[in-house]
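The block underneath contains the structure these notes are about, expressed in structure tokens.
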Amino acid sequence: MAKVRWHVITSVDGFIAAPGDDMRWIFEVFGESATVDHVIETTGAIVMGRRTYEVEDRDRPGIYGGAWNGPYFVVTHTVPTSIPPWMTGTFVTTGIEDAVTRAKAAAGDSYVGLLGGNMAQQCLAAGHLDELVVQIAPVLLGDGIRFFDMPGVAKIKLEKRSVRESGKLTDLHFNVLK
Ligand SMILES: NC(=O)c1ccc[n+]([C@@H]2O[C@H](COP(=O)([O-])OP(=O)(O)OC[C@H]3O[C@@H](n4cnc5c(N)ncnc54)[C@H](OP(=O)(O)O)[C@@H]3O)[C@@H](O)[C@H]2O)c1
């Protein structure tokens with residue numbers, strides 16, 4: 001059964017997107033990371049929210065800027081009326097549980113990747129998240145979308161798997177203890 005992994009790149013001060021969903025700072029550090037390459041190779045299906053999908057569409061069309069191909073599921077309440085040609089995924093309006101179930105079936109023995117903080121938080125709350133790959137980019141953004149923002153959540157314990165450098169990024173790999 002596929003495991004669920006959140007791959008995220010964060011600034012040193014804990015933001016996953018700059019104000020206005022600006023992701024250009026990531027593209028500057030992204031290309032030289034063996035860990036990014038490994039994540040791309042071992043991800044069999046992806047679940048993301050509509051906002052992440054819209055940023056993928058705006059900034060650099062395609063998933064991982066077009067470097068990843070496979071089945072993916074975009075969770076939303078409303079399917080957009082205009083869909084770009086690169087969008088080969090499936091919009092899911094039946095919630096996160098359904099999206100994860102469908103992604104696990106599609107991923108086979110590879111990972112289900114989560115993109116964006118909101119999906120990861122919902123999956124954590126539902127007990128679906130197995131692993132975190134957190135890559136720290138050498139930048140301070142000062143403002144934007146926080147890496148993790150769940151006030152009142154019960155403590156979630158993690159188990160360290162590895163700490164590595166890959167290109168300009170510093171990588172932390174954890175298991176989620178359940
Ligand atoms: N640094 C990184 O590694 C990284 C990676 C990926 C994304 N990002 C950035 O992170 C930001 C993503 O923001 P986010 O995580 O707050 O948003 P998100 O999960 O990408 O999107 C939120 C939207 O997803 C839909 N949604 C979420 N849960 C739902 C549910 N249970 N049922 C139905 N629809 C649901 C809703 O869309 P509707 O309003 O259409 O219903 C909601 O407004 C973006 O700026 C993105 O560029 C960063």
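Since the structure is predicted, the reported quantities are computational estimates derived from the model, not experimental observations. Each residue takes its place number in the sequence, starting with 1.
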Residue list, salt bridge (charged side-chain N to carboxylate O under 4.0 Å, His left out) with R164, at least two apart or on another chain: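 None.
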
Partners passing salt bridge (charged side-chain N to carboxylate O under 4.0 Å, His left out) against D130 (at least two apart in sequence or in another chain):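 With sequence neighbours excluded, D130 shows a salt bridge (charged side-chain N to carboxylate O under 4.0 Å, His left out) to K178, given in chain and number order.
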
Where F148 and I156 come nearest, the two heavy atoms and their spacing: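 In this case the closest contact between F148 and I156 is CZ-CD1, 4.3 Å.
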
Test side chain to side chain donor-acceptor pair (under 3.5 Å) applied to S11 - qualifying residues, sequence neighbours left out: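 By the side chain to side chain donor-acceptor pair (under 3.5 Å) rule, S11 matches D13.
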
T42: side chain to side chain donor-acceptor pair (under 3.5 Å) partners, not counting sequence neighbours: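 Side chain to side chain donor-acceptor pair (under 3.5 Å) check on T42 returns R5.
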
Verdict with reasoning, H77 to F91, per ring-ring contact (aromatic ring centres under 6.0 Å, His included): CA-CA 9 Å; H77 293 93; F91 290 103; over 10 Å; no

Salt-bridge present (R24, E28; N to O < 4.0 Å):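 Answer for the salt bridge query: no.
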
Distance (rounded to the nearest 0.5 Å) between I136 CD1 and D171 CG: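 Those atoms lie 8.5 Å apart.
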
From M48 atom CE to M119 atom CE, the distance as rounded to the nearest 0.5 Å: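 Reported value, rounded in 0.5 Å steps: 10.0 Å.
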
Ring pair (Phe, Tyr, Trp, His ring centres under 6.0 Å) involving Y111 - partner list, sequence neighbours excluded: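 Partners of Y111 under the ring pair (Phe, Tyr, Trp, His ring centres under 6.0 Å) test: none.
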
Ring pair (Phe, Tyr, Trp, His ring centres under 6.0 Å) partners for H128, two or more places apart: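 None.
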
Any side-chain heavy-atom pair of I46 and Y64 under 4.5 Å: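 Yes, at least one pair of side-chain atoms sits under 4.5 Å.
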
Side chains of V134 and F147 in contact at under 4.5 Å (non-hydrogen atoms):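 A side-chain contact under 4.5 Å exists here.
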
May I ask you to decide if [Y]'s main-chain N or O and [X]'s side chain share a donor-acceptor pair within less than 3.5 Å?
X	Y	answer
T76	V79	no
R50	T78	yes
W68	T43	yes

Pair Q135, T170: side-chain N/O donor-acceptor within cut-off below 3.5 Å: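 The answer is no; no qualifying pair exists.
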
Distance-only side-chain donor-acceptor flag, N118 / R51, under 3.5 Å: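 No donor-acceptor contact under 3.5 Å links the two side chains.
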
